Peer 1: 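After the structure tokens below, expect a handful of questions from me.
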Number of protein chains: 2
Amino acid sequence: MTDLLPPIQTTARDDAVLKALAGFVRQEALGPGEKLPTERILAERLKVSRNTVREALTRWEGLGLVERRQGSGTYLKAAVSPDMLHMPLTLAGGNDFAGLMSTLEIRRALEAEAAALCAIRAGKAEIAEIERKLDLMEEAFQTRAGMSSDEDWEFHQAVFRASGNPLFEQIIAAMYEMFHRFWEHPLGVRDFGHASFPYHRTIFNCIAARDPDGARAEALKLIATVEDDLKRGAANLKLSDRR
Amino acid sequence: MTDLLPPIQTTARDDAVLKALAGFVRQEALGPGEKLPTERILAERLKVSRNTVREALTRWEGLGLVERRQGSGTYLKAAVSPDMLHMPLTLAGGNDFAGLMSTLEIRRALEAEAAALCAIRAGKAEIAEIERKLDLMEEAFQTRAGMSSDEDWEFHQAVFRASGNPLFEQIIAAMYEMFHRFWEHPLGVRDFGHASFPYHRTIFNCIAARDPDGARAEALKLIATVEDDLKRGAANLKLSDRR
DNA sequence: GTGCAGAAATTGGTTGGACCATTGAACCAC
DNA sequence: GTGGTTCAATGGTCCAACCAATTTCTGCAC
């Protein structure tokens, strides 16, 4: 009832260009890192102006699908297919403590669900991969006394990837990005993340045991410790970090 | 240790244009629906070519921040601020059904958490607003026998807004378009959404009663019914909806 | 004055051509 | 090999013009 009879597209040059290009990529089986045809060549082949090609590529660049290097060429940055779906996510974030807690709330919701789904759907290979990341992280934790944030992140990424839903990883990556806007100044809490350490293994155990509810519960505990750390840190400095 | 000495940026015309434009929007306090300056004016004022302005606007358009209407002008479609974070979500190889299920999993995670937070944090005014949306939705449901998707959506938005965390609404909004692509073609299930109807009020009751766990449980039930409807619809048509 | 059709101005969309800046490869001197 | 130099390829920017959709203005009929 709302809007049948969609507006006819009398002009959609850029979209047509992108569709054609997606088809080309598919046909040539191009993968990430490989080089696309020159803008000039595309313009000539598709019978459109180079400017139009550029606008189309600009869109793909904005979506992170493609990278343009002046003097070199245009390269695929991710797998593209003619039937992709894009959902631009824009986060207007407060750069303050409240904003940080906001990202954690999202993370709590997603992390719990992803861990549960992972316990249901992960294959053996994926579980092995998660365990490998876990081992790496624990080793880094022993060696460098706590600062294992990179390996920590990779562990979580592996869990998200094994959840079978790519959106989890992508959304959390956005949260991670926002999180890192503050991470440079860890609020004075030096042993940040210590408390969350043991839960990584308990989460993994639940996943390996195919226990979704357990995995969800452990994930919630992990986030809770991070939240506590954060609140403690905020109480520590007590200075209003308005910028 | 990781990446000091970042690559120096010798050219970043488009980014500069967008930054300037974001500053302009902020200074003029422009909101969604309002008109931006002409491309030609922007080009002149910023001392760049109109082409460059167009590439910049193309990026914003791709991100859904702006809408260009030939012959009319360029209009803001969402609130923009100089410090936004963009993270386009890409669902590869998605026939629409799989994509929709993916978004539903995200929605399940966020909806449950948001309802719980809402039960804890919503003020009286916000609860009243939610109830108003609920009444509107129920009225629309009675009148138009089921098709209450717009009002339904507004109810959920109100809940997200009252959760005290703007990220919930922003993330779900990114998936809204995909939901709507389906609402138009309800998969042959004519009474789509009927099953979820009663849970809207039970969710509200829990929120009003300050019962986070109850709200979470009811939200999960609601999503479960939507998932069931969807699976039923997919089973109904049984035709591979490759496009 | 009102209403409406047609002209004119406005604005995004497209084109073609030119030139600049960076890259990378080939080449050369040492 | 190392370090420059040259040179072609390629993305980045600019310009000027025109096309197409929209909006606004104008003038005529009533």
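Quick caveat, the model's predicted, so the values are computed rather than measured.
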Peer 1: In residues 45-57 of chain B, which ones come under 4.0 Å of DNA chain C, going by heavy atoms?
Peer 2: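 Correct list: Arg50(B), Arg54(B).
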
Peer 1: Which residue, Gly71(A) or Asp14(A), contacts DNA chain C at a nucleotide closer to its 5' end, judged by nearest heavy atom?
Peer 2: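 Mapping each residue to its closest nucleotide by heavy atoms, the 5'-most match is Asp14(A).
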
Peer 1: Whole Å only: how far is the CD atom of Glu61(A) from the C1' atom of dT10(D)?
Peer 2: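 Glu61(A) atom CD is separated from dT10(D) atom C1' by 14 Å.
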
Peer 1: Report the distance from atom CD of Glu44(A) to atom C1' of dT10(D), rounded to the nearest whole Å.
Peer 2: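 It works out to 15 Å between those atoms.
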
Peer 1: Between Pro88(A) and Gly62(B), what is the shortest heavy-atom contact and its length?
Peer 2: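 Smallest heavy-atom distance, with atoms named: CG-O, 3.8 Å.
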
Peer 1: Within 45° of the six-membered ring axis of Tyr75(B) and under 6.0 Å from that ring's centre, is NZ or CZ of Arg68(B) located there?
Peer 2: no

Peer 1: What residues from residues 23-39 of chain A pass a heavy-atom cutoff of under 4.0 Å to DNA chain C?
Peer 2: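 The stretch gives none, as no residue of it lies under 4.0 Å from the strand.
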
Peer 1: Given dC19(C), dT22(C), dT15(C), which nucleotide is nearest the side-chain atoms of Arg40(A)?
Peer 2: dC19(C)

Peer 1: To the nearest Å, how far apart are Arg69(B) CZ and dT22(D) P?
Peer 2: 10 Å

Peer 1: Show your working on side chain to side chain donor-acceptor pair (under 3.5 Å) between Asn51(A) and Ser49(A) and close with a plain yes or no.
Peer 2: CA-CA 5 Å; Asn51(A) 252 326; Ser49(A) 146; 4.6 Å; no

Peer 1: Output the rounded distance in Å from CD (Glu67(A)) to P (dG11(D)).
Peer 2: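 Value for this atom pair: 12 Å.
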
Peer 1: Please check if the side chain of Ser72(B) supplies one atom and the backbone of Arg69(B) the other of a donor-acceptor pair under 3.5 Å.
Peer 2: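 The answer is no, because no donor-acceptor pair under 3.5 Å joins these two groups.
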
Peer 1: Give a yes or no on whether a salt bridge exists between Lys77(A) and Glu67(A), defined as a side-chain N under 4.0 angstrom from a carboxylate O.
Peer 2: no

Peer 1: Under 3.5 Å, is there a donor-acceptor pair between the side chain of Ser102(B) and the main chain of Ala98(B)?
Peer 2: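 Side chain of Ser102(B) to backbone of Ala98(B), a donor-acceptor pair under 3.5 Å: yes, one is there.
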
Peer 1: Just to confirm, is there a sub-4.0 Å distance from OP1 or OP2 of dT11(C) to any side-chain nitrogen or oxygen of Arg68(B)?
Peer 2: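 Checking Arg68(B) against dT11(C): no side-chain N or O falls below 4.0 Å of OP1 or OP2.
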
Peer 1: Looking at Lys133(B) and Glu151(B), does any basic side-chain N land under 4.0 Å from a carboxylate oxygen?
Peer 2: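 No salt bridge links Lys133(B) with Glu151(B).
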
Peer 1: Taking only residues two or more places apart in sequence or in another chain, which ones pass ring pair (Phe, Tyr, Trp, His ring centres under 6.0 Å) with Phe160(A)?
Peer 2: none

Peer 1: So, using side chain to side chain contact (heavy atoms under 4.5 Å, CB included) as the criterion, who are the partners of Pro166(A) when residues are at least two apart?
Peer 2: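 By the side chain to side chain contact (heavy atoms under 4.5 Å, CB included) rule, Pro166(A) matches Gln170(A), Leu91(B).
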
Peer 1: Kindly state each residue pair satisfying side-chain hydrogen bond (donor to acceptor under 3.5 Å, both in side chains) with at least one member in residues 15-38 of chain B, sequence neighbours excluded.
Peer 2: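 Qualifying pairs, neighbours excluded: Asp15(B)-Arg59(B).
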
Peer 1: Is a donor from one side chain sitting under 3.5 angstrom from an acceptor on the other, for Asn165(A) and Ser163(A)?
Peer 2: no

Peer 1: Nearest whole angstrom, please: distance from the P of dT22(D) to the OH of Tyr75(B).
Peer 2: 11 Å

Peer 1: Without decimals, in angstroms, what is the distance between Gln70(B) CD and dT14(C) P?
Peer 2: 8 Å

Peer 1: Let me check the geometry of the helix from dG1(C)-dC30(D) to dC30(C)-dG1(D). What is the bend angle between the axes at its two ends, five pairs each, to 10°?
Peer 2: 10°

